[in-house]
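Encoded as structure tokens, the structure appears first; notes follow it.
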Amino acid sequence: MTPRWLELAVPAHAEAVEAVSEILGRFGRGGIAVEVPLEPRGGADHTVKAYLVEDGESFAKVSDIRDALGHLQAFGLGPIGELAVRMVEDKDWLEAWKAEFVPIRIGRFVIRPTWSAARPEDALELVLDPGMAFGTGLHPTTRQCLEALSQVALEGKSVLDVGTGSGILAIAAAKRGASPVVAVDTDPVAVTAARENAERNAVAIPIGEGSAADVPGRFDVVVANLVSPVLQRIAPHLAARLASRGTLLIAGVSVPAERDTREAFAQLRLSAIDRTQSDDWVALALGR
Ligand code: SAH
């Protein structure tokens with residue numbers, strides 16, 4: 001018998017989308033879809049959707065989700081609307097859902113979901129599982145890094161990606177001809193996911209569990225999309241991995257933390273040669 005599905009839909013403010021997606025993602029199957037308004041109206045103008053197989057546990061799950069969403073309201077992330085549940089009879093819902101994910105173009109790259117056949121000729125393709133790159137949309141800091149990796153010279157250059165997550169930045173560097181590319185992440189789950197993605201994209205990237213301190217050698221480009229406190233803490237290790245004329249790309253710096261972050265790197269003789277800002281996120285290219 002084909003399973004029946006419950007569609008869960010939660011209206012949410014843009015700022016709450018990521019947290020709501022995380023909650024629905026804990027229970028849902030097959031990922032999360034986010035409907036973004038064509039014209040932002042403010043308020044709960046996004047809709048986060050997920051699907052559950054209807055079984056003996058779905059009632060309890062929906063109730064747990066309601067509780068979790070209730071707690072989330074307390075964080076003041078912006079308005080979150082009522083959870084709506086409806087039965088989905090259409091066997092083709094999965095296809096319809098997949099069709100919502102269109103390839104995303106950023107700089108020289110195009111990121112496409114694993115099932116999409118779209119093949120733009122003039123872009124370097126990054127194939128990723130939707131759970132990682134789609135759904136909540138790419139984080140602005142990831143976009144900033146992809147834009148930076150579109151611009152810097154990478155052909156034949158060595159690249160280290162610290163905090164690789166899905167592997168997206170390391171894969172992007174390899175697609176631009178960087179070699180060797182090495183990636184690390186402290187989270188073993190990320191390491192597994194990044195290895196799968198590297199294979200899916202047919203790029204050879206050693207991906208290890210650990211951080212900048214665990215990698216030997218120096219690299220022409222070091223990229224680290226982390227958060228300001230971590231960047232400051234591991235700054236000496238990032239600097240130690242950088243070749244004498246290398247470029248360090250850091251992202252995930254909040255505007256209020258920019259001064260202290262720059263100061264931490266200035267003490268290591270690294271100063272900003274480029275700066276971009278997206279929402280409240282600052283990305284810096286640093287050199288000696
Ligand atoms: N590079 C990806 C993922 C960024 S998320 C992108 O741009 O989209 C940040 C990642 O850094 C997470 O996967 C987290 O597990 C990892 N991380 C956090 N602290 C770290 C540290 N000190 N060293 C290495 N990786 C770290």
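Keep in mind it's a predicted model, so treat the numbers as computed, not measured. Counting convention: from 1, in listed order, for ligands and their atoms alike.
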Have Asp280 and Ser254 got a donor and an acceptor in their side chains that come within less than 3.5 Å? no

Which protein residues have a heavy atom closer than 4.0 Å to any atom of ligand 1, listed by chain and number? Thr142, Val162, Gly163, Thr164, Gly165, Ile168, Leu169, Asp185, Thr186, Asp187, Gly210, Ser211, Asn225, Leu226, Val230

Who passes salt bridge (charged side-chain N to carboxylate O under 4.0 Å, His left out) against Arg86, sequence neighbours left out? Glu7

Can you see whether Thr261 engages Gln232 through a side-chain donor-acceptor pair at a distance of less than 3.5 angstrom? yes

Test item: side-chain donor near acceptor, Ser158 and Asp220, under 3.5 Å: yes

Less than 3.5 Å apart, any donor N or O on the side chain of Ser211 or Asp214 sitting next to an acceptor on the other? no

Closest heavy-atom contact between Ile171 and Ser166? CD1-O, 4.4 Å

